[in-house]
Amino acid sequence: MIKSRRLHSETIAASHGVATDPTFGAIAPPLYLSTTYAFSGFGQAGPYDYGRAGNPTRDLLSEALAKLEGGAGAVVTSSGMAAIDLVLGQLSGDDLIVAPHDCYGGTMRLLKARAQRRHFQLDFVDQTDLDAVAQACKRHPALVFIETPSNPLMRVVDITALCQMAHAVGAKVAVDNTFLSPACQRPITLGADYVVHSTTKFLNGHSDVIGGAIIAADGADVTALKQWCNIIGTAGSPFDAWLTLRGLRSLFARTAQQQATAMTLATFLAQHPAVAKVHYPGLPTDCGHLLADLQQSGFGAMLSFELSGGEQAVRHFVSNISVLTLAESLGGVESLIAHPATMTHADMGEEARQAAGIGNNLLRMSVGLEHCEDLLADLEQALQGSTQNSIPLCRYEELARAENARKTER
Ligand SMILES: *Cc1c(COP(=O)(O)O)cnc(C)c1O
């Protein structure tokens, strides 16, 4: 007798739903765009009735993601923010959420906006400080929201420790796993109740879909999330699910390549005289290295670094990159550079940025699939003489446009 055995994650990503089409035996799963489904008779609905509540293409993606994260099920949403909002929708006015003080800007904005409307209470803490988390847990939160590694400083949070502390006071734990994906970290195996994703990033991986997903460890939570998603109507579109499933096929191969390149680039940057500091948990000298090594199965393809020449060096650097592109977002096959202070974290305000350690000399990099030597060469030439230029900081848009023009010329 063949023993049933869990398939490797690489196999699930590459093959979930492949060759399951009962009509024509299509290898690639069909895309079902229909919004509604015929009843087979009076009072006899089939497995699907209406597209907001359920769709076969979307379900293939949620099944694949639930398996990859080791959850009981998943809900695929129209964006990462919609996925996070589904968890928040499970709370009520007196419930307290403990969230990281340096979480993704969009998450911070959503949490604050809902707390202001008294949808729940809110407490921000530095989650790398376990004493601060213990203090916050004394207030009996209903939910502890974790993001690790953090954006953009790549600070690593101890998921197992926080889950133990949260569960001891009856709180549930949600982990935003966008920066790593299940190819590098599986929070449910570390005790988390929910995993949320912006599938826009590594899971789709091709910078052409805005989407999200939430995976729950417990079946009852999956049911509640599905119901809430149907009530508020934030399910992802079938076409987006189809594209994301296609992107997911190569997640593990992309991740292996991208994180190997990230390690090489981080090592190069760490010894470069124009670079003051590199934040990449893969470096043995990084303060999050040991913890990342323990709870992650890979160090991922995101890193950030500080230029010793300050703002001026940043201006020189971003106007000289040519393989790299100056843009927000991450997780795609193309390498991107972002300047958090004027781009992703501009809304935070100077003071809050200072407090969080996000200086004007900090650059964030999402490492793609280009040849490592081309990326190294681009970094090297852009860093060269990075203290001799003086374009005003407010001209980033112009720089981005000039950069695009240069690329079209090539
Ligand atoms: C991008 C991102 C989100 C938001 O996802 P969208 O798909 O843009 O709505 C949430 N969390 C993290 C860590 C992200 O990087």
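In each ligand, atom 1 is the first atom listed, and ligand 1 is the first ligand listed.
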Exercise for review: Decide if atom CZ of R118 counts as having more than 12 heavy atoms of other residues, nucleotides or ligands within a radius under 6.0 Å.
Suggested key: no
**Study point:** Atom CD of E351: over 12 foreign heavy atoms under 6.0 Å
**Key:**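 Atom CD in E351 is not crowded, with 12 or fewer foreign heavy atoms closer than 6.0 Å.
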Review point. Hey, is ligand 1 close enough to M81 that some N/O pair sits below 3.5 Å?
Key: yes
Point to revise | N or O pair under 3.5 Å between G80 and ligand 1 | key: yes
Point to revise | Worked verdict on D378 versus Q381 for side chain to side chain contact (heavy atoms under 4.5 Å, CB included) | key: CA-CA 5 Å; D378 200 30; Q381 62 83 20; 2.7 Å; yes
Exercise for review: Taking the six-membered ring for Trp and the single ring otherwise, decide whether the centroids of F299 and H289 are under 6.0 Å apart.
Suggested key: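 Ring centroids of F299 and H289 are less than 6.0 Å from each other.
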**Study point:** Contact atoms of ligand 1, heavy-atom distance to G211 under 4.0 Å
**Key:**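 By the 4.0 Å cutoff, the relevant atoms are 7 (O).
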Give me the nearest non-hydrogen protein atom to [atom] as residue plus atom name, then the distance to 0.1 Å.
atom                    : answer
atom 3 (C) of ligand 1  : Y104 CE2, 3.4 Å
atom 15 (O) of ligand 1 : K201 NZ, 2.8 Å
atom 11 (N) of ligand 1 : D176 OD2, 2.7 Å

Check your understanding: Just going by heavy-atom distances, which of N204, V196, L110, T200 is nearest to atom 7 (O) of ligand 1?
Key -> T200
Practice item. Quick one: closest heavy-atom pair of H206 and S250, and the distance? Key: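 Nearest pair, atom of H206 first, then S250: CE1-OG, 4.2 Å.
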Check your understanding: Counting only N and O atoms by type, is there a donor-acceptor contact under 3.5 Å from the side chain of S15 to the main-chain atoms of V18?
Key ->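 Flag not set: sc S15 to bb V18 has no pair under 3.5 Å.
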